[in-house]
Amino acid sequence: MLDIKYLRQNLEAVRRKMNERGQNIEFDRFIGLDAKRRDILQAVETLRNERNSVSRQVGELKKKKEDASALIAKMGDVSAKIKEYDETLRVTEEELNAFVMIVPNVQHESVPQGGSSEDNAVVRTWGEKPSFCFAPKQHFELGESLNILDFGRGAKITGARFTLYRGAGAQLERAITNFMLDLHTANHGYTEVFTPFMVNAESMTGTGQLPKFKEDLFKIEGMDYYLIPTAEVPVTNIYRDEILEEDKLPVYLVAYSACFRAEAGSYGKDTRGLIRQHQFNKVEMVKFSKPEASYDELEKLTANAEEVLKRLGIPFRTVCLCTADLGFSSAKTYDVEAWMPGQDTYREISSCSNFEDFQARRAAIRFRRKDSGKVEFVHTLNGSGLAVGRTVVAVLENYQQADGSVIIPEALRPYMRGLERITP
RNA sequence: GGAGAGAUGGCUGAGUGGCCGAAAGCGAUCGCCUGCUAAGCGAUUGUACGCCCUUUAAAGGUGUACCGCGGGUUCAAAUCCCGCUCUCUCCGCCA
């Protein structure tokens, strides 16, 4: 959510930024609502002031046992008027709020302009793509022939986009999760947290999933609870409605969670395999930072995600998302894309974003400056570190052998009870 | 699921209709005092949204709202009434 005052005072600049993002926002409606709100607010506050002072007089008169009925009669009208204004104010604020809640964040000046993901800027590439003396297979072929991924039974148990892991496959998923959590906690300074996988509507609104992206979420029937699409939601909301002390910042948190996404509108995309599931596992890094440090923190966060792939020996490239590809809440995002030989392409495996104060304002996450005592919004950041299922895909495809077996990267072997190779 | 108790500022905790944005204590900040430490003395110490002033900043002035959340009664609600949420205790059930 953008600051209403900022929006009012920088309307033309924001309008330009939104045009760059391909967003057509009715700012004229905003101006009208904002002006209306302030008019009503002033009127109703004047009336309240009157009521407060007259009520005080009534109290004094009654204490002196004098007659106050004239004043009381007069205030009946005033109270009725206040009630009327209050209702108009409520409706106006609701509309205004609904408006600002669906305006995306303003992108950072370093974000490239573009019309599609084609215009994302590659900022670096790492690693050497493996060469094969045979045609490399896709992960779902490998997974099925190794009997470690069972898509048919996943579909039977639940439906499309759900997968059953088995044996070394299940173990690999767990190994990757633990490897990543250990790396971020032991070497990158994060504190591990474990959160609920269901959250309420306030939490979803705080991080920006609601109200605009309701159709992407699974909702629990008969309750105001939603399945989390990412641990970003519960972890960022840890400090919702709180004021942190400056010397606590930055806060680094990392969490494993299952993630649930309805994937509405992605019919026909990545229908085979683990790439796009309704349920998947992810290790998520979340940071709460002072505003002046947040872009340095974004670089470090992205490097933390890349480090996972370096240790696994999986080639990747990092791209800076262009205006067309940038998410609703983000001011700047780097995607880390792992090389997938079976698909002969790079696929997103981590997305690292700086939300600046966009989420913090929605969720009221603030901190107090030590020297001035002033309260400010923190900047929030998060990044996958990494998507576990897609890391399984990357391991299977990059480490596949001519005989159909898959070598386990050395970094994972301690987590696989020493297993060096998955064979049929 | 049943019965009961509770929710007040950074924390503890008082407050059953007007003098309450809220006592007292703790904590914190600033100042004074003390040879140092400790103690002592004094002052300050919530958030949000308007308006005025000002360079659309800061500071200042002023108003309004907020005592779990949402309604209601009343000239007036932290206080009375209704609904909800959460916490605690006991019983039942349960991994």
Side-chain angles (χ1 to χ4, degrees), chain A residues 1-15 30-97 99-101 194 196-206 220 222-226 234 237-249 291-292 357 360-378:
Chain A
M1 174 169 82
L2 300 178
D3 181 21
I4 289 184
K5 243 183 273 176
Y6 175 83
L7 202 50
R8 191 189 298 148
Q9 289 164 6
N10 300 276
L11 199 69
E12 285 318 306
V14 175
R15 202 197 292 269
F30 164 77
I31 298 172
L33 283 170
D34 179 53
K36 188 177 171 193
R37 170 179 169 270
R38 282 183 291 159
D39 283 350
I40 303 168
L41 195 60
Q42 277 182 58
V44 76
E45 285 190 353
T46 306
L47 288 174
R48 281 217 182 92
N49 185 14
E50 187 185 350
R51 183 175 71 181
N52 286 346
S53 63
V54 171
S55 289
R56 225 168 290 136
Q57 289 171 37
V58 171
E60 279 161 26
L61 286 178
K62 290 211 164 175
K63 207 189 262 174
K64 287 188 263 173
K65 306 268 193 227
E66 289 176 30
D67 179 46
S69 54
L71 288 177
I72 289 174
K74 206 170 96 194
M75 281 308 100
D77 281 359
V78 172
S79 281
K81 237 188 265 175
I82 289 174
K83 208 171 261 186
E84 225 172 275
Y85 274 121
D86 270 342
E87 178 58 16
T88 328
L89 184 64
R90 191 187 62 77
V91 171
T92 307
E93 286 190 332
E94 225 164 68
E95 283 177 50
L96 190 63
N97 195 41
F99 176 88
V100 294
M101 288 307 253
F194 186 73
F197 291 174
M198 293 184 204
V199 298
N200 56 32
E202 288 78 59
S203 292
M204 285 294 188
T205 307
I220 305 301
M223 286 189 161
D224 189 30
Y225 294 166
Y226 298 82
N237 277 282
I238 288 173
Y239 296 116
R240 172 153 53 85
D241 294 321
E242 292 191 28
I243 299 175
L244 307 173
E245 289 309 315
E246 180 179 0
D247 48 23
K248 260 187 90 169
L249 297 175
E292 61 271 24
D357 61 7
R361 181 172 291 109
R362 287 176 159 243
I365 306 169
R366 293 160 293 172
F367 75 104
R368 193 184 303 279
R369 291 270 182 202
K370 218 174 173 129
D371 48 4
S372 65
K374 298 283 287 177
V375 172
E376 280 177 57
F377 289 110
V378 302

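Every chain is numbered from 1 and lettered A, B, ... according to where its sequence line falls, protein lines coming before strand lines.
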Let me know the distance between [atom1] of [X] and [atom2] of [N], rounded to the nearest Å.
X: A/K62; N: B/U74; atom1: NZ; atom2: P; value: 13 Å
X: A/D86; N: B/A65; atom1: CG; atom2: P; value: 10 Å
X: A/D247; N: B/U29; atom1: CG; atom2: C1'; value: 14 Å
X: A/E246; N: B/U29; atom1: CD; atom2: P; value: 14 Å
X: A/N52; N: B/C20; atom1: CG; atom2: C1'; value: 13 Å
X: A/D241; N: B/G9; atom1: CG; atom2: C1'; value: 16 Å
X: A/Y85; N: B/A65; atom1: OH; atom2: P; value: 16 Å
X: A/I72; N: B/U73; atom1: CD1; atom2: P; value: 17 Å

Is it true that atom [atom1] of [X] has more than 12 heavy atoms of other residues, nucleotides or ligands lying nearer than 6.0 Å?
X: A/F197; atom1: CZ; result: yes
X: A/M198; atom1: CE; result: no
X: A/Y225; atom1: OH; result: no

Can you check the distance between [N] and [M], where both ends of the measurement are the [atom1] atom (answer in whole Å)?
N: B/C11; M: B/U73; atom1: P; value: 34 Å
N: B/G50; M: B/U45; atom1: P; value: 24 Å
N: B/A78; M: B/C67; atom1: C1'; value: 5 Å
N: B/C80; M: B/G63; atom1: P; value: 29 Å
N: B/U16; M: B/C84; atom1: P; value: 27 Å
N: B/A76; M: B/G18; atom1: C1'; value: 6 Å
N: B/A5; M: B/U47; atom1: C1'; value: 30 Å
N: B/C49; M: B/U74; atom1: P; value: 33 Å

Could you go through residues 73-82 of chain A and list every donor-acceptor pair under 3.5 Å that involves a side-chain atom there, pairing it with any protein atom two or more places apart or in another chain?
unit_1	atom_1	unit_2	atom_2	d
A/S79	OG	A/M75	O	3.4

Who pairs with [X] by side chain to side chain donor-acceptor pair (under 3.5 Å), at least two apart in sequence or on another chain?
X: A/D86; result: A/R48
X: A/R90; result: A/E87, A/E94
X: A/N237; result: A/R240
X: A/N200; result: A/S203

* Can you find a side chain N or O atom of A/S69 that sits less than 4.0 Å from OP1 or OP2 on B/C75? ->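 For B/C75, OP1/OP2 do not have a side-chain N/O of A/S69 under 4.0 Å.
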* Distance test, side-chain N/O of A/N49 to OP1/OP2 of B/G63, below 4.0 Å ->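 A/N49 to B/G63 OP1/OP2: no side-chain N or O under 4.0 Å.
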* A/K83 or A/E50, whichever maps to the more 5' nucleotide of RNA chain B ->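 Looking at RNA chain B, the more 5' nearest nucleotide goes with A/E50.
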* Please list residues of residues 53-61 of chain A whose heavy atoms come under 4.0 Å from any atom in RNA chain B, ordered by number; otherwise none. =>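 Going residue by residue through residues 53-61 of chain A, the ones with a heavy atom under 4.0 Å of RNA chain B turn out to be A/S55, A/V58, A/G59.
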* **A/N10 (side chain) donor-acceptor with A/Y6 (main chain) under 3.5 angstrom** =>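 Yes, because the side chain of A/N10 sits within donor-acceptor range (under 3.5 Å) of the backbone of A/Y6.
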* Between A/R361 (side chain) and A/M1 (backbone), is there a donor-acceptor pair under 3.5 Å? ->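 Yes, because the side chain of A/R361 sits within donor-acceptor range (under 3.5 Å) of the backbone of A/M1.
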* Using Watson-Crick and G-U wobble pairs with both distances under 3.5 Å, what is the 5'-to-3' dot-bracket string of RNA chain B, with [ ] for crossing pairs and | for pairs outside the strand? -> ((((((((.[[[..)..(.....]]]((((((.......))))))(((((((.......))))))).[[[[[..)....]]]]])))))))....
* To do: Encode nucleotides 45-56 of chain B as B, S and - characters from 5' to 3', where the letter depends on protein heavy atoms closer than 4.0 Å: B to the base, S only to sugar-phosphate, - to neither.
  => -SSSSSS----S
* List the protein contact pattern of nucleotides 77-87 of chain B with one symbol per nucleotide (5' to 3'): B for base contact, S for sugar-phosphate-only contact, - for none; contact means a heavy-atom distance under 4.0 Å. => -----------
* Partner set under ring pair (Phe, Tyr, Trp, His ring centres under 6.0 Å) for A/Y239, not counting sequence neighbours ->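 With neighbours one apart ignored, the set is A/F288.
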* Could I get the full list of salt bridge (Lys or Arg N to Asp or Glu O under 4.0 Å) partners for A/R368, not counting sequence neighbours? =>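 In terms of salt bridge (Lys or Arg N to Asp or Glu O under 4.0 Å), with neighbours along the sequence ignored, A/R368 is linked to no residue.
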* Evaluate the side chain to side chain contact (heavy atoms under 4.5 Å, CB included) criterion for residues A/K62 and A/I72: first the C-alpha distance (whole Å), next the side-chain angles of each, then the deciding distance (0.1 Å), finally the verdict. => CA-CA 11 Å; A/K62 290 211 164 175; A/I72 289 174; 4.1 Å; yes
* Could you tell me which residues satisfy side chain to side chain contact (heavy atoms under 4.5 Å, CB included) with A/S372, sequence neighbours excluded, listed by chain and number? =>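 Applying side chain to side chain contact (heavy atoms under 4.5 Å, CB included) to A/S372 gives A/R369, A/K374.
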* To do: For A/K74, answer base if it contacts any base atom (sugar-phosphate contacts may also be present), sugar-phosphate if it contacts only those atoms, and nothing otherwise; contact means non-hydrogen atoms under 4.0 Å.
  =>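 No contact.
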* A/R48 side-chain proximity, nearest of B/C75, B/A65, B/C19 ->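 Looking only at side-chain atoms, A/R48 lies closest to B/A65.
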* Hey, what do you get for CD1 (A/I365) to CD1 (A/I243), rounding to the nearest 0.5 Å? ->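 One finds 12.0 Å between CD1 of A/I365 and CD1 of A/I243.
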